[in-house]
Structures are given as C-alpha cells and as structure tokens.
Amino acid sequence: MDKQISLSALNDELSQARTKKKKFLEQIERIVPWGEWISMIRPYYYKGERGNKPYDLELMLRLYLLQNLYNLSDEGTVAEVIDSRAFSEFCGVDSSNQVPNGDTLGRFRNILVRNHLQEQLFAQVVYPKKTLYIILLYYLNLNLRSISYGFS
C-alpha cells in the first residue's frame, strides 16, 4: 500500500535536510563573534529617530555576510534569502516581508565601507584564528595586500 506523506510531515523532512550550504552557515554561525560585531557597528547604524524604523542590525549584518560569502549583488542577496531555506534560517526570517530590499542592503554596506568597519570585522575573526585566515579571505573577497596583520 502506498502511503502518502502529509504536508506537515514533508515540512518536517525539509527542515531536517542538511545541505552543504546549511552546514557551512552553521560553521559561520559558530565562528563569527556576533555580539562584538554588532557593538562595533551600532554607533554608525541608523538610530531610527526620523522616518521608518530601521531593520534589525543583526539581520542586516547577516545579510551583508551572506552577500560577501556568496558573492551576490544586493538584489541577489535579497532574492536568495527569500528563496533559500538555509539563508532564511541563517538570517532568522520567516517571511519575505521581513527582508529589506536591495537598496537598503546597499546603504548598510556603504555605512560599513564609509566607516572602515569591514576590515575591523574581518580582523576579529581572522587574527585570533589564523587557520581560518585563508578560508575567510577567500569567502569575503578581501584583497590580501590591503590588510596588514603582521603574519609571516
């Protein structure tokens, strides 16, 4: 007798599936010092005193990290977070309404660039963990010559 799978059982199966992307993001989750990174960015991030309430800083940081890890455009990052279960779980979003548009992600990136925060964020992960240096350098698309940490 053929047994049909229910929608809830299928959902449970899908949530248990461990993809390479999901495994990689779990490793990133463990090595990134989220609290420190958020503390570094908070003084430069929108306060929400005028206009719309800003998106959660940790969400924006996670989107930015995904964008760099997977070499995505602003709009491409947003689309992947909406379409990919691994990406949406990494960012902690349940609905496309919770994901900012590409322009918002671009403005966040500009805050980091303008205030020279990219290199500082990267140094917090790389410097204490030299073995991750090459891996993260590759994934974050940073130019080795532009960063001087005194490694020899």
Visitor: Is the closest side-chain heavy-atom distance between K53 and Y46 below 4.5 Å?
Guide: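 No, every pair of side-chain atoms sits at 4.5 Å or beyond.
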Visitor: Among residues at least two apart in sequence or on other chains, which ones pass side chain to side chain donor-acceptor pair (under 3.5 Å) with Q98?
Guide: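 Not a single residue meets the side chain to side chain donor-acceptor pair (under 3.5 Å) criterion with Q98.
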Visitor: Given side chains that start at C-beta, do those of F108 and V113 come closer than 4.5 Å, heavy atoms only?
Guide: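 F108 does not reach V113 side chain to side chain.
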Visitor: In Å, rounded to the nearest 0.5 Å, how long is the span from CD of E26 to CD1 of I31?
Guide: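 E26 CD to I31 CD1: 13.0 Å, rounded to 0.5 Å.
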Visitor: Indicate yes or no for a side-chain donor-acceptor contact from Q120 to the backbone of H116 under 3.5 Å, with no hydrogens or angles considered.
Guide: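 Looks like yes, one N/O pair under 3.5 Å.
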Visitor: To the closest 0.5 Å, what do you measure between CD1 (I111) and OH (Y44)?
Guide: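 With rounding to 0.5 Å, CD1 (I111) is 11.5 Å from OH (Y44).
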Visitor: If we count only N and O atoms by modelled type, under 3.5 Å, do the side chains of S39 and R42 hold a donor and an acceptor together?
Guide: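 Their side chains do not contain a donor-acceptor pair, so the 3.5 Å distance test is not met.
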Visitor: Please find the pair of heavy atoms, one from F87 and one from V81, that lie closest to each other, and give the distance.
Guide: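 Result for this residue pair: CB-CA, 3.8 Å.
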Visitor: If you draw a 6.0 Å radius around NZ in K47, do more than 12 non-hydrogen atoms from other residues or ligands fall strictly inside?
Guide: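 More than 12 within 6.0 Å, yes.
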Visitor: For a quick test of reading the model, state the closest non-hydrogen atom pair linking E80 to L72 and the distance between them.
Guide: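 Closest approach of E80 to L72: CG-CD1, 4.0 Å.
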Visitor: Counting only heavy atoms not in D83 (residues, nucleotides, ligands), do more than 12 fall under 6.0 Å from its CG?
Guide: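 For D83, atom CG is crowded (more than 12 foreign heavy atoms under 6.0 Å).
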Visitor: Give the intermediate values and the outcome of side chain to side chain contact (heavy atoms under 4.5 Å, CB included) for residues L66 and L25.
Guide: CA-CA 9 Å; L66 286 175; L25 292 174; 3.5 Å; yes
Visitor: Which heavy atom of Y55 sits nearest a heavy atom of V99, and at what distance?
Guide: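 Nearest pair, atom of Y55 first, then V99: OH-O, 4.0 Å.
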Visitor: Start with the C-alpha gap between D74 and R109, add the side-chain angles, then the distance that decides, and say whether side chain to side chain contact (heavy atoms under 4.5 Å, CB included) holds.
Guide: CA-CA 9 Å; D74 296 338; R109 184 184 60 255; 2.4 Å; yes
Visitor: Could you tell me whether the side chain of M60 reaches within less than 4.5 Å of the side chain of I41, counting heavy atoms only?
Guide: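 With C-beta onward as the side chain, the pair stays apart.
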Visitor: Can you tell me how far OH of Y64 sits from CD of Q118, rounded to the nearest 0.5 angstrom?
Guide: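 The OH atom of Y64 is 3.0 Å from CD of Q118, to the nearest 0.5 Å.
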Visitor: Any chance you could measure T77, atom OG1, to Y70, atom OH, to the nearest 0.5 Å?
Guide: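 Rounded to the nearest 0.5 Å, the OG1-OH separation comes out at 11.5 Å.
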Visitor: Mind listing the closest non-hydrogen atom pair of L59 and P100 along with its distance?
Guide: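 Heavy-atom minimum between the residues: CD2-CD, 4.1 Å.
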Visitor: For S73 and Q67, work out which heavy atoms get closest and say how close.
Guide: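 That would be C-NE2, 3.4 Å.
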Visitor: Mind checking what makes salt bridge (charged side-chain N to carboxylate O under 4.0 Å, His left out) contact with E75, not counting sequence neighbours?
Guide: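 Testing E75 for salt bridge (charged side-chain N to carboxylate O under 4.0 Å, His left out), a comparison that skips the adjacent residues, returns none.
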Visitor: For L63 versus C91, what's the shortest heavy-atom pair and its separation?
Guide: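 Nearest pair, atom of L63 first, then C91: CD2-SG, 3.9 Å.
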Visitor: Tell me whether the NZ or CZ atom of R62 lies within the 45° cone about the ring axis of F90 and under 6.0 Å from its centre.
Guide: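 Yes; both conditions hold, so R62 lies above the ring face of F90.
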Visitor: Going from CG on D94 to CD on E89, what distance comes out if it is rounded to the nearest 0.5 angstrom?
Guide: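 Here the interatomic distance stands at 9.5 Å.
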Visitor: Return the CD to CD1 distance between E58 and I38, rounded to the nearest 0.5 Å.
Guide: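 The CD1 atom of I38 is 4.0 Å from CD of E58, to the nearest 0.5 Å.
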